[in-house]
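Just so it is clear, the values below take in all heavy atoms, side chains as well, and ignore hydrogens, waters and symmetry mates. Just so we're on the same page: letters track the sequence lines, and every chain starts at 1.
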2 protein chains.
Amino acid sequence: MSPKNPSVDIEAIDEVIHGRLRLGIMAYLSAVNPASFPELLDKTGASNGNLSTHLSKLEAVGYIAQEKGYAGKKPQTLVHLTDSGRDAWINYLTAMQSLINI
Amino acid sequence: MSPKNPSVDIEAIDEVIHGRLRLGIMAYLSAVNPASFPELLDKTGASNGNLSTHLSKLEAVGYIAQEKGYAGKKPQTLVHLTDSGRDAWINYLTAMQSLINI
DNA sequence: AAAACTAGTTTGTGTTACAAACTAGTTTTA
DNA sequence: TAAAACTAGTTTGTAACACAAACTAGTTTT
């Protein structure tokens, strides 16, 4: 419950998703699931380090899962959106929509 | 854009607006313009200090203007959305929409 | 066998968000 | 008429965050 009664409910915005890069990752995964690390690098334009960090953050809250395997002899991380992540994404969209429409 | 090759243009998201509280401020001002400081406090649920800081940030980039006057003998700051701010808001909505719809 | 490339992770630094503490004036209460 | 409480903000200190550079580790090419 909000302490006041705000008509712009910014508390409803999930900060874990809201961060710009994580938002991009989630948006992309909502359409393409799973996606590889290099694919996300390319689509989001992030640096390796930054992508790695934010994937860890999304994984820590259970919105994605990183499946570390191999494509031939090269290591390949596949990033999956989890059920919980998809739920959170839907909630985020709903919250943003009601905020934007006031 | 083809649904098989979605792109996520996170650069298009205006970070000044994207911050959660600033997003709330802009969203509220897009509907109620101008709004007083206490009104924004109430509607966003922010603390005074935090609201003050973020208003300064929005003012610094020219998205809002703070008109400091009096209501009777009490000081009253009226916060106006500027034309530039309204443009930025429209652009933000557009960018978010294309990111969300992939 | 050295160089270059792929696929990431760790680390260091500047930026940001937030609330607590503060300033300044006004109204109420004792 | 003092003191307390309230309104309306601003400044400041700290913890969290974003980001890129540097690093690890293995693979392929020259």
Side-chain angles (χ1 to χ4, degrees), chain A residues 2-4 6 8-29 34-61 63-80, chain B residues 8-29 34-61 63-80:
Chain A
S2 242
K4 310 212 163 127
V8 280
D9 191 3
I10 62 179
E11 301 284 320
I13 301 294
D14 184 339
E15 279 286 75
V16 177
I17 294 183
H18 194 59
R20 225 168 42 151
L21 178 47
R22 293 191 298 269
L23 180 58
I25 294 167
M26 292 295 285
Y28 188 75
L29 287 178
S36 70
F37 191 96
E39 186 180 1
L40 287 172
L41 267 187
D42 177 44
K43 297 305 182 178
T44 63
S47 66
N48 291 19
N50 206 14
L51 181 56
S52 179
T53 302
H54 286 289
L55 285 179
S56 296
K57 225 161 271 190
L58 286 170
E59 189 174 36
V61 297
Y63 291 174
I64 64 159
Q66 300 193 62
E67 177 196 352
K68 299 187 182 219
Y70 285 84
K73 286 181 181 172
K74 290 183 204 167
Q76 186 185 51
T77 298
L78 283 182
V79 180
H80 297 259
Chain B
V8 282
D9 190 4
I10 62 179
E11 301 285 318
I13 302 294
D14 184 338
E15 278 286 75
V16 177
I17 294 183
H18 193 59
R20 226 168 40 152
L21 178 48
R22 292 192 298 270
L23 180 57
I25 294 166
M26 292 294 286
Y28 189 75
L29 286 178
S36 70
F37 191 95
E39 185 179 1
L40 286 172
L41 267 187
D42 177 44
K43 298 304 181 180
T44 62
S47 66
N48 291 18
N50 206 14
L51 181 57
S52 178
T53 303
H54 287 289
L55 286 178
S56 295
K57 226 161 269 190
L58 287 170
E59 189 173 37
V61 297
Y63 292 174
I64 64 158
Q66 301 192 61
E67 178 197 351
K68 299 185 182 222
Y70 285 84
K73 285 181 181 173
K74 289 184 205 167
Q76 186 184 52
T77 297
L78 282 182
V79 180
H80 297 259

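- For A:I25 and D:dC19, the CD1 to P distance is 10 Å, given to the nearest whole Å.
- One finds a side-chain N or O of A:K68 lying less than 4.0 angstrom from the OP1 or OP2 phosphate oxygen of C:dT9.
- Contact record, A:L23 with A:H18: CB-O, 4.1 Å, taken as the closest heavy-atom pair.
- When rounded to the nearest whole Å, the span between CD of B:E39 and P of D:dG9 equals 12 Å.
- Pairing partner, D:dA2: C:dT29, with both Watson-Crick or wobble hydrogen-bond distances short of 3.5 Å.
- Side-chain nitrogen and oxygen atoms of A:R22 include at least one within less than 4.0 Å of the OP1 or OP2 phosphate oxygen of D:dA18.
- Listed for the B:T44 side chain is a donor-acceptor partner under 3.5 Å among the backbone atoms of B:L40.
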Apply side chain to side chain donor-acceptor pair (under 3.5 Å) to the pair B:N50 and B:H54, showing each step before the final yes or no.
-> CA-CA 6 Å; B:N50 206 14; B:H54 287 289; 3.1 Å; yes
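- The NE2 atom of A:H18 sits 15 Å away from the P atom of C:dT16 (whole-angstrom rounding).
- Closest heavy-atom contact between B:K43 and A:V8: O-CG2, 3.2 Å.
- Side-chain nitrogen and oxygen atoms of B:H54 include at least one within less than 4.0 Å of the OP1 or OP2 phosphate oxygen of C:dC18.
- Atom C1' of nucleotide D:dC19 and atom CG of A:L41 are separated by 14 Å, given to the nearest angstrom.
- Base pairing of C:dT15: its partner is D:dA16, meeting the Watson-Crick or G-U wobble criterion (both donor-acceptor distances under 3.5 Å).
- For B:N50 and D:dT12, the CG to C1' distance is 13 Å, given to the nearest whole Å.
- Contact annotation: A:K57 side-chain N/O to D:dA16 OP1/OP2 distance is not under 4.0 Å.
- Across all strands shown, C:dA20 forms a Watson-Crick or G-U wobble pair, both distances under 3.5 Å, with D:dT11.
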